[in-house]
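Letters A, B, ... are given to chains in the order of the sequence lines, protein chains preceding strands, and every chain is numbered from 1. Every value quoted in this text rests on a predicted model; they were computed, and no experiment measured them.
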Amino acid sequence: MPLALQLMPILCALMPSLDQPQTKKLSALSHALLTWYDGNARSLPWRISPSDRRHGIIPDPYRVWLSEVMLQQTTVPAVRDFFQRFTDRWPSVHDLAAAEEGQVMAEWAGLGYYARARNLHACAKKVAGELDGVFPKSAAELQTLPGIGPYTAAAISAICHDERVGVLDGNVERVLARFHALSHPVRDLKPELREALTQTVPERAGDYAQALMDLGATICAPRAAFCDRCPLLPGCRAAKADPLDFPVRPEKKPRPSRFGHVFVMRDMDGRVKTGTRPRRGLLGGMHEFPGSDWTEGAEPGPQFPVEGHWKQAGKVHHVFTHFALTLTVWRLDLERRETGPDWVDEERLGDLALPSLFRKVAVAAGLEIR
DNA sequence: AAATCGGGGTG
DNA sequence: CACCCAGATTT
């Protein structure tokens with residue numbers, strides 16, 4: 001066995017890790033962090049500023065919940081406009097619960113992770129129907145609702161009711177991984193980390209959670225660390241070396257390349273053939289254009305959906321890197337007038353629950369789409 | 001425990 | 001292009 005491998009366990013044991021003294025150090029710095037937050041909090045549409053919060057203004061749980069679900073694995077810039085449209089259209093949980101699921105999906109189109117939209121609507125119906133429109137206050141109860149996991153439950157209860165729970169999102173994971181100089185991927189010790197964080201939460205639990213997240217977003221950022229402006233610098237282990245060495249990421253597997261065909265069929269009256277994807281799986285429940293399966297390794301045969309009714313076929317290769325997916329987009333202009341519920345006016349494609357992938361397909365096929 | 005689920009931003 | 005982001009759910 002190579003010497004390096006023999007030494008590995010010893011090196012790991014020597015590396016600083018999550019321990020009690022370090023947690024106490026963070027606890028001692030919590031007030032410095034809150035002071036930093038009072039002067040440096042980001043202004044966000046769903047947030048109550050620390051000043052307003054001190055004057056007794058309480059956040060609206062509906063808006064906090066909506067923002068937290070939208071922000072799951074999604075950046076603030078991407079969420080802003082969606083949050084504004086949702087709250088304009090559905091100002092309360094009752095309004096959202098009364099909406100058609102399809103309307104919610106259509107409004108969510110472009111934000112990604114579409115199971116979130118279905119869970120969002122299911123949760124709204126539950127809260128409006130069974131709970132008289134009042135969200136539960138404790139994290140434990142919140143986590144029983146669809147689409148609300150450990151993070152979102154803690155975030156809502158801390159921000160809205162100052163429940164003293166550890167709010168552990170990607171930003172806070174990074175801050176803590178650096179503060180403790182964790183030598184293992186956070187994934188492997190997330191429950192311990194969340195518990196340790198809970199021990200440090202002060203009275204202003206909501207502001208503390210948001211302070212840690214803002215610190216991760218602006219000071220202790222993924223690809224940069226401005227330690228000279230960090231209120232946690234005095235106790236931070238990574239700052240003594242290179243903060244960018246943390247967090248340690250687990251190896252990720254490459255995605256296999258996939259290939260497929262998509263058919264953008266347009267009849268003489270300007271109507272386009274659409275379909276609805278299964279509720280489960282990739283882009284579940286969203287609209288689509290018909291096409292082949294997306295197969296690994298090699299391109300499938302064209303599998304044209306119509307025989308002899310099209311007069312012109314434009315062919316465009318388009319690569320969608322997000323899915324490691326290469327699609328061949330076919331534009332089929334039909335000679336015969338088609339009818340049916342799946343045929344939609346080209347001008348109204350923008351109203352559909354069409355994910356970004358298929359919007360790009362439409363553009364690649366030469367359609368006008370808003 | 002690992003895989004899956006989108007899309008946009010950034011260096 | 002690779003990596004990351006206010007994670008949850010399914011397998």
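- Atom pair A:W65:CH2 and C:dG7:C1' shows a separation of 16 Å (rounding to whole Å applied).
- The residue among A:P146 and A:W46 whose nearest nucleotide of DNA chain C lies closer to the 5′ end is A:W46.
- Separating the C1' atom of B:dC5 from that of C:dC4 is a span of 16 Å, rounded to the nearest Å.
- A:R359 comes within 4.0 angstrom of nothing in the nucleic acid, heavy atoms only.
- Between the side chains of A:R174 and A:N171, at least one donor N or O sits under 3.5 Å from an acceptor N or O.
- B:dG6 sits 14 Å from C:dT10 when the P atoms are compared, rounded to a whole Å.
- Between the CG atom of A:L282 and the C1' atom of B:dA3 there is a distance of 13 Å, rounded to whole Å.
- In this structure, A:L71 places its CG atom 8 Å from P of C:dA6, rounding to the nearest Å.
- The separation between A:Q210 atom CD and C:dA6 atom P is 13 Å, rounded to whole Å.
- Considering only side-chain N and O atoms, A:S67 lies nowhere under 4.0 angstrom from the phosphate OP1 or OP2 of C:dA6.
- At a threshold of 4.5 Å between non-hydrogen side-chain atoms, the residues A:T200 and A:L29 do not count as touching.
- Mapping A:D188 and A:G110 onto DNA chain B by nearest heavy atom places A:D188 closer to the 5' end of the strand.
- Per the geometry, CG belonging to A:D214 stands 14 Å off C1' belonging to C:dC5, to the nearest Å.
- Residue A:R249 places at least one side-chain N or O closer than 4.0 Å to OP1 or OP2 of C:dC5.
- Residue A:T152 places at least one side-chain N or O under 4.0 Å from the OP1 or OP2 atom of C:dA8.
- Counting any heavy atom pair closer than 4.0 Å across all strands shown, A:L168 reaches no nucleic acid atom.
- In this structure, A:E288 atom CD and B:dC5 atom C1' are separated by 16 Å, rounded to whole Å.
- Contact annotation: A:Q73 side-chain N/O to C:dG7 OP1/OP2 distance is under 4.0 Å.
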Under the salt bridge (charged side-chain N to carboxylate O under 4.0 Å, His left out) criterion, do A:K25 and A:D19 qualify, and how do the steps go?
-> CA-CA 10 Å; A:K25 235 184 281 180; A:D19 56 46; over 6 Å; no
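- Both A:P77 and A:G281 sit near DNA chain B, but only A:G281 has its closest nucleotide nearer the 5' end.
- Nearest to the side chain of A:Q72, among C:dT10, C:dC4, C:dA8, sits C:dA8.
- One can place CD of A:Q143 at 15 Å from P of C:dG7, the figure rounded to the nearest angstrom.
- Heavy atoms of A:R118 sit nowhere under 4.0 angstrom from any nucleic acid atom.
- When atom types are taken as modelled, the side chain of A:D95 and the backbone of A:S92 share a donor-acceptor pair closer than 3.5 angstrom.
- Judged by atom type and distance alone, A:T74 does not reach the base of C:dG7 through any side-chain donor-acceptor pair under 3.5 Å.
- When the nucleotides C:dA6, C:dC5, B:dG11 are ranked by their closest atom to the side chain of A:R223, B:dG11 comes out on top.
- A distance of 6.0 Å or more separates the ring centres of A:F82 and A:W108.
- Closest to the A:R187 side chain, of the nucleotides B:dG7, B:dA2, C:dG7, is B:dA2.
- Atoms CG (A:L111) and P (B:dG6) sit 11 Å apart, rounded to a whole Å.
- C:dA8 sits 22 Å from B:dG8 when the P atoms are compared, rounded to a whole Å.
- Distances from the side chain of A:P150 to the nucleotides C:dA8, B:dG7, C:dA6 place C:dA8 closest.
- Contact annotation: A:K360 does not reach the phosphate of B:dG6 (side-chain N/O to OP1 or OP2, under 4.0 Å).
- Phosphate proximity of C:dC5 to A:Y113: absent, as no side-chain N or O sits under 4.0 Å from OP1 or OP2.
- A salt bridge links A:E101 with A:R279: at least one charged nitrogen is closer than 4.0 Å to a carboxylate oxygen.
- For A:R266 and A:E346, the salt-bridge test passes: some basic side-chain N is under 4.0 Å from an acidic carboxylate O.
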